[in-house]
Amino acid sequence: MRLSRYFLPILRDAPREAEIVSHRLMLRAGMIRQQSAGIYSWLPLGLRVLEKINRIVREEQNRSGAIEILMPTIQSADLWRESGRYDAYGKEMLRITDRNKREMLYGPTNEEMVTDIFRSYVKSYKDLPLNLYHIQWKFRDERRPRFGVMRGREFLMKDAYSFDIDQAAARHAYNRMFTAYLRTFARLGLKAIPMRADTGPIGGDLSHEFIVLASTGESQVFCHKDYLDFETPAADTDFDSVEGLQAIVDKWTSLYAATDEMHDKASYEAIPSDAQVSARGIEVGHIFYFGTKYSDPMGATVTGPDGAQTPVHMGSYGIGPSRLVAALIEAGHDDGGIVWPDEIAPFDVAVLNLKAGDAGTDAACENLYKSLLAKGYDALYDDTDERPGGKFATADLIGVPWQIIVGPKGLTDGKVEIKRRAGGERESVPLEAALERFKGKAA
RNA sequence: CGGAGUGUAGCGCAGUCUGGUAGCGCACUACGUUCGGGACGUAGGGGUCGCAGGUUCAAAUCCUGCCACUCCGACCA
């Protein structure tokens with residue numbers, strides 16, 4: 001992308017209302033624009049990051065055996081009356097009336113709807129297990145939205161729903177998601193620790209929150225230090241292996257880890273004091289097993305091997321990609337701006353032409369830019385006629401992991417500079433070497 | 001939902017107390033000089049002062065009502 005033709009509305013000063021660092025940086029970097037309390041437009045740079053997160057989430061969901069669908073944002077109140085949640089859900093549910101005076105709602109979650117889909121088509125235990133997920137916008141009319149997209153009213157959520165014949169099978173479905181989540185967050189460059197969670201209004205008796213440690217986190221969390229060094233399940237993990245997944249989950253739940261609400265002082269203090277971690281955390285995922293809470297009242301049953309109708313055992317599994325954007329910034333930034341993990345960055349590499357209009361730098365940059373594109377990189381070419389200082393500041397602010405800096409000074413020796421955003425290391429190399437350094441994007 | 005605030009140009013702010021031609025910095029446009037860490041000069045453009053009433057010769061400023069947004073707390077992916 002040529003910056004001169006892109007839409008990147010950088011702000012030099014953050015708007016006054018933005019308090020936390022991720023919100024300030026997202027506004028400054030031109031990633032989002034607030035349209036209403038807790039409701040945001042996603043501008044090109046923000047959308048790129050959001051899509052990169054979605055891609056990873058999708059890959060790991062698919063790897064674990066989940067199947068993608070897409071359900072609507074608007075739902076019928078009737079469906080929610082079946083489960084009893086239409087009245088149980090408070091003012092957080094945005095209720096809408098259509099022109100025919102039918103009661104509708106903007107979905108805060110999709111258990112009822114996916115259960116309806118399931119019961120319409122699936123009739124036999126032979127079609128289980130099944131896990132359907134979608135990535136869709138949700139709306140919860142929070143009393144007090146805050147912290148930008150971290151706690152918006154409208155937010156993007158990946159929600160998966162598992163269907164199984166009995167509790168043992170549902171446990172395995174839970175373990176699949178548990179494992180997929182460990183992989184997802186690791187690929188996003190985050191250390192997310194599963195913590196026992198309260199099951200809340202959704203109900204059920206097996207639930208974990210995945211918490212990212214960050215000093216600006218919203219809640220207090222406690223855990224054993226060893227979690228930070230646990231190994232992420234491998235890409236070739238066999239998701240069909242009941243024992244294999246159970247071993248992973250057992251390991252990742254073997255030590256103490258709890259949010260404030262579930263905190264048990266005695267258990268925590270039993271941890272050797274040098275292994276106690278008390279920190280702030282951001283919830284980035286939440287998984288539940290809730291049995292037949294919805295399948296029972298909604299009649300989602302299958303015929304078992306014995307010919308009997310059995311309500312299916314369900315679980316639901318959420319990750320908030322829009323919130324993850326903010327969490328990633330909270331976990332990765334410095335005075336200069338955002339520091340994205342390589343896999344999430346909106347662009348892989350930025351080419352900075354320090355003197356646009358100069359025949360030498362123009363030619364070198366064109367060469368670099370086209371070569372990077374040809375090798376599959378998302379490259380951003382700053383071809384504007386801004387001054388060098390501004391270009392450095394912009395590149396740092398938006399957090400592109402690599403910068404290739406091309407100025408007339410270096411070019412007299414045939415050299416360009418490669419800068420790593422994260423550590424700030426820079427290296428002066430011949431133009432050819434820079435071209436070679438970026439060999440091609442590994443799939 | 002309790003408490004505290006804020007609405008003036010795209011962003012950051014002054015002006016409001018004490019009514020009298022709507023300002024500053026950044027950003028934007030043109031030209032010139034600059035050019036390796038957010039340059040400088042000159043000349044420009046841009047605002048129903050959140051909205052609606054009211055008081056007054058005159059309202060960003062005073063009065064009344066409403067709306068929006070933010071922060072702290074309780075609650076949530």
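Here is the naming used below: chain letters follow the sequence lines, and residue numbers restart at 1 for every chain.
- Side-chain N/O atoms of A:R151 and base N/O atoms of B:rC76 include a donor-acceptor pair closer than 3.5 Å.
- Proximity of A:R387 to the phosphate of B:rA39: a side-chain N or O atom is located under 4.0 Å from OP1 or OP2.
- With B:rG36, B:rC1, B:rC11 as the candidates, the nucleotide lying closest to the side chain of A:K91 is B:rC1.
- No engagement by A:G320 is indicated, since no non-hydrogen atom pair under 4.0 Å with the nucleic acid exists.
- At distances below 3.5 Å, not a single donor-acceptor pair connects side-chain atoms of A:K191 with backbone N or O atoms of A:Y227.
- Along RNA chain B, the nucleotide closest to A:E209 and the one closest to A:P145 are compared, and the more 5′ of them pairs with A:P145.
- Under a cutoff of 6.0 Å and an axis angle of 45°, A:R95 and A:Y86 form a cation-pi pair.
- Place A:R323 and A:Q403 on RNA chain B by their nearest nucleotides, and A:Q403 ends up nearer the 5' end.
- Among the heavy atoms of the strands lying under 4.0 Å from A:D396 is at least one base atom, whether or not backbone atoms are also near.
- Residue A:R144 has a polar side-chain atom (N or O) positioned under 4.0 Å from OP1 or OP2 of B:rC72.
- Note that A:K375 lies outside the cation-pi zone of A:F438, set by a 6.0 Å cut-off to the ring centre and a 45° limit from the axis.
- At least one side-chain nitrogen or oxygen of A:S36 sits closer than 4.0 Å to the OP1 or OP2 atom of B:rC69.
- A:R420 forms a cation-pi arrangement with A:W402, by the criterion of a distance under 6.0 Å to the ring centre and an angle within 45° of the ring axis.
- Here B:rA68 presents its C1' atom at 11 Å from CZ of A:R153, a figure rounded to the nearest Å.
- Of the side-chain N and O atoms in A:R16, one or more sit less than 4.0 angstrom from OP1 or OP2 of B:rC13.
- Residue A:Q34 places none of its side-chain N or O atoms closer than 4.0 Å to OP1 or OP2 of B:rA68.
- No N or O donor and acceptor, one from the side chain of A:K419 and one from the base of B:rG36, sit under 3.5 Å apart.
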